[in-house]
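Keep in mind that this is a model prediction, so the values were computed, not measured.
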Amino acid sequence: MKMNKIYKSLGLLLALSLFSSCYKDHSVNGDHPLAVVKVTEPIASVQTAAFGEVTVIKSPAYTITTGASVTPSYEWIVDGVVVSTEKDLSYSPTSYGKHDARLRMYTPDGSYFYRFTIDVPYRYVDGLYVLASNEGKTILSYLPGGEKTDAFDLDAFGRSNPTIDMTGDPQSMLFYRYVPGAGASRSYLGIALGLPTRYYRVSADSLKVLTPRISFTNPVDFSHASGNQATVREYFISGANVWELEKTGNIPAKKQDSRLSRVAPGYSLASAIVNWRALTGTRISEGMAFFDNAGSNLLYMTLGSSITVKKVRTFAAGDTEEKNPFKDMTLIDMKSAGEGNYTYNYTLLLLKRNTDNKYFVARLTAGDFAQSQNVDGATVSMVEFTEGTPTHLQPNLGGTAALVATADKVYFYNMANATATTHPAWISLPAGQTIASMALTSDNRLFIGANGTGTGLVGSIYSYNVAGITPVLLKSEEGITGKIKQIVYRQFNN
């Protein structure tokens with residue numbers, strides 16, 4: 001028993017001696033207060049940093065608890081890795097998203113720890129994607145918010161994907177949003193280019209290529225996404241046929257060829273696809289529409305468990321047979337609009353009548369597509385375009401008017417007034433510019449991608465406020481990219 005007490009006493013003395021050795025003793029009697037860091041002004045719990053740029057995060061103000069002249073050491077840790085031992089952190093993020101970070105400030109007597117988050121926002125979340133060609137290659141650039149030239153990110157895709165071969169001219173681009181489940185949302189771009197044609201599926205947030213290249217035999221003249229956000233698919237017009245891809249697939253297939261051929265034998269699809277969605281009674285119908293240039297037919301396809309393809313026909317009072325409103329016509333451009341309102345979801349078409357070389361703008365509602373048996377009685381408004389040779393079409397937000405582009409001008413056609421005889425130029429670009437693409441935002445900003453003559457950086461971006469009767473020029477970004485093929489504007493919430 002006596003021996004056990006001796007052992008316990010020795011163990012206690014040893015433990016005390018080890019404990020005391022963890023601290024540096026500045027006092028004569030060994031009972032000095034510990035000289036540790038006391039932070040007086042903590043840094044913010046969330047620090048925002050820009051991808052690829054150096055962000056400086058200042059260390060917090062502090063005092064030493066004893067007032068001693070002691071300088072602490074620093075250790076900055078990001079995602080579990082020590083990235084700096086300097087007083088202030090100079091950090092250049094190499095990836096997007098939220099990163100767990102920790103600061104350790106320590107003296108020989110102890111450590112202060114502080115956890116925080118470094119948020120690296122995705123750069124490409126609200127702005128204009130610009131697909132163009134330059135020096136024999138395809139480039140994808142970005143204009144943040146469509147605001148200022150000095151923020152224009154020339155060839156942003158190439159910088160994010162230095163190993164991807166972008167040789168060849170651009171063909172088409174699409175943007176879509178995928179929502180696999182509650183609280184989850186991803187946005188994608190698709191880019192088709194070169195010969196043989198390569199198609200890349202890309203993160204719209206980071207512009208990083210997500211899948212190996214997907215090959216097509218013929219050029220991809222038009223790219224499109226359709227279906228609800230949980231089951232979205234990619235569709236393409238290539239070789240005058242429609243091809244489709246599952247979102248995770250990499251082999252395109254002509255799944256609708258037999259259906260299209262039964263309705264329109266020998267069809268040859270124009271380079272356009274639009275979505276339509278309509279409320280008929282209590283039932284929502286949705287699908288896609290194509291234009292068959294060989295037969296001058298507007299074809300519509302329903303989506304869902306039962307897929308059908310039909311032609312658009314009209315049958316007015318007094319008619320003895322149904323009529324094709326697009327007889328002898330070929331399609332130049334086609335778009336849909338309607339601000340999400342099922343009743344006023346419109347499809348607008350820009351057409352050429354081959355028998356007399358006249359041009360027309362046509363409009364019909366999504367409700368016309370949704371009829372259960374036929375489209376007899378479809379309402380098609382048609383206005384002749386008399387201002388030269390049209391090249392592009394952009395509906396206004398409500399789908400009630402068409403913005404029609406010629407070489408360097410945009411004309412406003414009110415589809416509710418088919419009897420108007422004069423249509424002065426609504427927008428006129430500087431001489432020598434040729435309109436290549438247009439995009440309209442939900443806050444009524446119209447972006448126009450146009451090309452000058454020559455080679456090199458001939459592409460320009462013009463933006464207008466078109467909320468009122470008269471367009472107001474907001475900004476002209478001249479000569480900032482290569483020859484523009486297509487522009488797409490991404491809203492912040494997409």
Side-chain angles (χ1 to χ4, degrees), residues 171-172 218-222 224 236-242 256-257 260-274 276 288-301 309-316 319-336 346-364 368-369 375-376 378-395 401-415 418-423 434-438:
Q171 295 173 4
S172 62
N218 298 303
V220 174
D221 300 315
F222 192 84
H224 182 75
F236 311 90
I237 300 296
S238 180
N241 208 315
V242 59
Q256 310 305 329
D257 183 49
L260 290 166
S261 294
R262 281 196 297 269
V263 175
Y267 70 88
S268 177
L269 298 184
S271 301
I273 307 172
V274 297
W276 59 266
M288 296 185 298
F290 316 91
F291 196 90
D292 168 26
N293 274 341
S296 298
N297 286 304
L298 178 60
L299 308 174
Y300 74 99
M301 182 174 75
V309 177
K310 296 182 180 179
K311 300 174 183 177
V312 169
R313 292 291 186 266
T314 60
F315 193 88
D319 288 345
T320 57
E321 60 181 17
E322 61 182 17
K323 295 181 179 179
N324 179 7
F326 311 110
K327 185 176 183 296
D328 298 323
M329 294 184 178
T330 51
L331 185 75
I332 299 170
D333 200 0
M334 178 168 63
K335 298 280 173 47
S336 61
Y346 292 103
T347 294
L348 280 81
L349 303 89
L350 181 60
L351 302 141
K352 178 182 179 180
R353 191 163 64 194
N354 301 308
T355 53
D356 55 11
N357 292 325
K358 290 185 176 181
Y359 299 97
F360 296 88
V361 182
R363 183 188 69 162
L364 68 160
D368 290 323
F369 293 124
V375 289
D376 295 343
T379 302
V380 179
S381 301
M382 195 170 298
V383 179
E384 184 180 354
F385 182 82
T386 58
E387 313 303 330
T389 304
T391 56
H392 296 86
L393 170 73
Q394 176 63 55
L403 309 181
V404 184
T406 58
D408 60 354
K409 293 179 173 57
V410 177
Y411 294 87
F412 183 94
Y413 269 59
N414 182 356
M415 297 305 297
T419 61
T421 56
T422 59
H423 299 86
T434 300
I435 295 172
S437 185
M438 296 188 291

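- Formation of a donor-acceptor pair under 3.5 Å by the Asp356 side chain with backbone atoms of Lys358 is found in this model.
- No donor-acceptor distance shorter than 3.5 angstrom exists from the side chain of Asn324 to the backbone of Asn297, with no hydrogens or angles considered.
- Between the side chain of Asn414 and the backbone N or O of Ala401 there is no donor-acceptor pair closer than 3.5 Å.
- Atom CZ of Phe360 and atom CE of Met382 lie 7.5 Å apart (nearest 0.5 Å).
- Note that CG of Asp328 is 8.0 Å distant from CZ of Arg353, once rounded to the nearest 0.5 Å.
- Asp221 CG to Ile237 CD1: the interatomic distance, rounded to the nearest 0.5 Å, is 8.0 Å.
- Between the side chain of Asp292 and the backbone N or O of Ser268, at least one donor-acceptor pair lies under 3.5 Å.
- For the pair Ile435 and His392, the tightest heavy-atom approach, listed with the atom from each and the gap, is O-CE1, 3.5 Å.
- Residues Phe412 and Leu403 meet the side-chain proximity criterion, which asks for heavy atoms closer than 4.5 Å.
- Arg262 contributes atom CZ, which lies 11.5 Å from atom OH of Tyr267 (distance to the nearest 0.5 angstrom).
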Original post:
Stepwise, does the side-chain contact (heavy atoms from CB on, under 4.5 Å) test hold for Tyr300 with Val263?
Top reply: CA-CA 10 Å; Tyr300 74 99; Val263 175; over 6 Å; no
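- Glu387 places none of its side-chain heavy atoms less than 4.5 Å from the side chain of Lys409.
- Under a 3.5 Å cut-off, the side chain of Thr391 and the backbone N or O of Ala405 do form a donor-acceptor pair.
- Ser336 contributes no side-chain N or O that, together with a main-chain N or O of Val274, makes up a donor-acceptor pair within less than 3.5 Å.
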Original post:
Please walk me through it: do Val410 and Gln394 pass side-chain contact (heavy atoms from CB on, under 4.5 Å)?
Top reply: CA-CA 10 Å; Val410 177; Gln394 176 63 55; over 6 Å; no
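- Counting heavy atoms from C-beta on, the side chains of Lys311 and Leu299 come closer than 4.5 Å.
- The CG atom of Leu351 lies 6.5 Å from the CZ atom of Phe326; values are rounded to the nearest 0.5 Å.
- A perpendicular orientation is assigned to the rings of Tyr411 and Phe385, their planes being inclined by more than 60° (bins at 30° and 60°).
- Of the possible polar contacts, one joining the Ser238 side chain to the Asn218 backbone as a donor-acceptor pair under 3.5 Å is found.
- A donor-acceptor pair under 3.5 Å is absent between the side-chain atoms of Ser296 and the main chain of Lys327, judged by distance alone.
- Exactly one of Leu298, Leu349, Val380 qualifies for a side-chain contact (heavy atoms from CB on, under 4.5 Å) with Pro325. That residue is Val380.
- Distance alone, capped at 3.5 Å, is enough to place a donor-acceptor pair between the Lys335 side chain and the Leu393 backbone.
- Counting heavy atoms from C-beta outward, Phe290 and Asn241 have side chains that stay 4.5 Å or more apart.
- With a 4.5 Å cut-off on side-chain heavy atoms, Ile332 and Tyr359 count as touching.
- Looking only at side-chain heavy atoms (C-beta outward), Met415 and Leu348 come within less than 4.5 Å of each other.
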